[in-house]
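First up is the structure itself, then whatever we jot down about it.
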Amino acid sequence: MISMNRLFPVFCFLTVCAAGVSSTAETVPLTVADARTRAITFNRQFLSAKEDVKKAGAQITQARAGLFPDISAEGSYTRNFLVPTFYIFSDSGTLAFKTGSDNNFGAGISVSQPIWEGGKVLNAWAISKLYHKYTQAGLEQTEASVLYTAELLFFNTILQRANLEVLQKAFEANSHNLDVVEKFYAKGMASEFELLRARVEKANLMPGILAAESDVTLAEKRLKSFLGLNLSDSIVIIEEAGDTSLVELPPLDRLLDTALAHRPEVQRSHYLTQMTKRAIRVAQGDYQPTLDANAHYGWQAQSNDFQFDNQTRSLTAGLTLSIPLFQGGKTRGEVAYRRADYNQALLADQQMKDDVRLEVEQAYDLLMQAKKSLDVQKETIAQAEEGLRIANLRYSSGVGTQLDVLSAQASLTDARRAHALALNFFRQARAGLKKATTIDLDMK
């Protein structure tokens with residue numbers, strides 16, 4: 001009988017050829033660390049978050065501009081095609097005077113410097129700097145989410161490959177069992193019913209194997225797409241055998257303290273609270289007078305032949321004081337609105353901290369549960385392997401039945417599947433706790 005391990009590479013080769021993959025496809029070795037690195041290098045969501053930080057930095061420059069003088073220069077030229085004429089009538093005759101020249105020139109420089117704006121400019125500048133920190137924390141939050149997703153996709157690919165391997169081993173075991181039954185049947189030691197049942201058990205595995213192969217392909221494509229790899233590339237998953245011990249896991253109270261101190265979501269909530277508090281002061285600035293200093297230097301000339309005749313110059317400077325007397329309650333309404341924003345931000349900040357505590361506790365409990373499940377499955381596999389060995393030995397000796405063998409094979413397949421799921425559950429739970437606490441848990 002042909003082993004499924006020999007058929008599977010042929011099947012993969014035919015699938016690749018049918019898909020029309022170009023000869024330029026690469027083979028990319030990939031560890032979970034590689035997946036994390038590629039995720040924050042090529043993931044579009046993370047790159048977009050980096051652009052938000054740049055935009056926030058530009059807003060700081062915009063807000064700070066209100067502290068500096070506004071200097072502008074202007075120039076003008078006017079061509080008079082018809083110059084108006086002014087007439088004076090007298091006894092001696094009529095006198096005509098032109099009221100302008102053919103060409104008028106003008107230039108000037110204006111300077112305006114805010115002296116006092118009720119604190120609005122300083123508070124707006126402070127808000128822009130807080131917003132820059134807010135977006136930086138958002139970038140960290142996006143990074144954590146992207147890394148977490150990359151790990152889940154990586155572990156899911158391992159899980160789908162493990163499921164396929166389990167079915168392949170079951171196929172090999174059933175093939176071996178069928179060989180034994182055929183030999184017994186040839187010697188008259190097994191019935192036709194036993195032979196048919198062995199064949200059916202083997203054939204029943206094929207649909208599951210084909211589905212598992214499809215699941216592996218889909219999982220790999222999702223991983224490659226998220227990491228920015230070409231979908232035609234082949235990836236070699238390098239599964240690092242890590243220690244699943246939790247001896248070095250910090251206590252829960254330390255995990256909670258670290259999360260509250262370093263989670264980007266908590267930092268963003270804090271910055272948002274500070275921004276809304278500053279926004280109240282900006283609104284209150286409309287109650288106060290504003291004072292601006294301004295100066296202007298001007299130059300004008302008139303000429304009929306571009307000789308800049310009849311030049312005049314001017315220089316002015318002054319202060320402008322504006323005192324708000326009545327605005328129909330506009331400022332009062334704006335201040336009340338900003339106070340409500342601030343109160344909502346305080347409530348959201350408290351809720352965020354509670355949510356973080358709950359997330360850490362849930363992630364911690366899931367990891368404990370996953371660890372217990374993984375330990376149980378390790379023991380179950382060993383017992384199932386021993387049970388299959390005994391069943392095969394009894395059947396070969398003529399003491400046991402084929403039903404015992406098939407039952408032991410099914411138990412071992414179930415145990416291997418359960419172990420793959422438990423290992424994946426543990427890895428996902430560990431990644432979840434790492435995301436929830438910002439602690440890079442080194443459990444190897």
Counting only heavy atoms not in Y287, do more than 12 sit closer than 6.0 Å to its OH atom? yes
Above 12 or not: heavy atoms from other molecules or residues under 6.0 Å from NZ of K221? no
Would a distance-only check, ignoring hydrogens and angles, find a side-chain to backbone donor-acceptor pair under 3.5 Å from R263 to A436? yes
Has the side chain of S397 got a donor or acceptor atom that lies under 3.5 Å from a matching backbone atom of V399? no
Just by distance, no angles: are the side chains of T320 and N294 close enough, under 3.5 Å, to form a donor-acceptor pair? yes
Using a cut-off of 6.0 Å, state whether more than 12 heavy atoms not belonging to F193 lie near its atom CZ. no
Pairing donors with acceptors under 3.5 angstrom, does anything connect the side chains of T401 and D404? yes
Between S225 and R222 (side chain of the first, backbone of the second, donor and acceptor by atom type, cut-off under 3.5 Å), is there such a pair? no
Give the minimum heavy-atom separation between F154 and V32, together with the two atoms involved. CZ-N, 3.4 Å
Given E151, which of K434, K435, R427, Q428 fulfils the side chain to side chain contact (heavy atoms under 4.5 Å, CB included) condition? K434
K169/E165 salt bridge by N-O under 4.0 Å criterion: yes
Answer yes when R161 and E220 have at least one side-chain N-carboxylate O distance shorter than 4.0 Å, and no when they do not. yes
Any chance NZ of K224 has more than 12 other-residue heavy atoms, nucleotides or ligands included, within less than 6.0 Å? yes
Under 4.0 Å between a side-chain nitrogen and a carboxylate oxygen: does that hold for D341 and R338? yes
For I381 and A415, the nearest pair of non-hydrogen atoms, with its separation, is CG1-O, 3.7 Å
Which atom of F426 lies closest to which atom of A370, heavy atoms considered: CA-CB, 3.6 Å
If you count the non-hydrogen atoms of other residues, nucleotides and ligands that lie under 6.0 Å from CD in E265, is the total more than 12? yes
Donor-acceptor under 3.5 Å (N43 side chain, I40 main chain): no
Is D354 salt-bridged to R357, going by a charged N under 4.0 Å from an acidic O? yes
So which atom in A198 and which in Q402 form the shortest heavy-atom distance, rounded to 0.1 Å? CB-NE2, 3.1 Å
So, S373 side chain and Q369 main chain: donor-acceptor pair closer than 3.5 Å or not? no
Answer yes or no: does atom CZ of R281 have more than 12 heavy-atom neighbours from other residues, nucleotides or ligands under 6.0 Å? yes
Once rounded to the nearest 0.5 Å, what's the spacing between atom OG1 of T37 and atom CG of L147? 8.5 Å
Might you confirm whether atom NE2 of H176 has over 12 heavy atoms from other residues, nucleotides or ligands at distances under 6.0 Å? no
Under the 3.5 angstrom rule, does the side chain of N163 hit a backbone N or O of Q160 as a donor-acceptor pair? no
Would H419 and L374 count as a side-chain contact (heavy atoms from CB on, under 4.5 Å) if you check the C-alpha gap in whole Å, the side-chain angles of each, and the deciding distance to 0.1 Å? CA-CA 7 Å; H419 179 265; L374 183 60; 3.9 Å; yes
Counting distance only, does the side-chain N/O of T437 pair as donor-acceptor with the main-chain N or O of L433 below 3.5 Å? yes
Applying side-chain hydrogen bond (donor to acceptor under 3.5 Å, both in side chains) to S411 and D414, what does each step give before you reach the verdict? CA-CA 5 Å; S411 297; D414 291 340; 5.7 Å; no
In K372, K378, Q377, K371, the residue satisfying side chain to side chain donor-acceptor pair (under 3.5 Å) with D375 is K371
Hey, is the main chain of L406 close enough, under 3.5 Å, to the side chain of E201 for a donor-acceptor pair? no
For residues Q409 and A173, report the shortest heavy-atom separation together with the two atoms involved. NE2-O, 3.3 Å
Are the side chain of N204 and the backbone N or O of V200 linked by a donor-acceptor pair below 3.5 Å? yes
Would the distance check show the side chain of N174 and the main-chain N or O of A170 forming a donor-acceptor pair, the cut-off being under 3.5 Å? yes
Should K353 and D349 count as an ion pair when the cut-off is N to O under 4.0 Å? yes
What closest approach, in Å, do G66 and P114 show between heavy atoms, and which atom pair accounts for it? O-CG, 3.6 Å
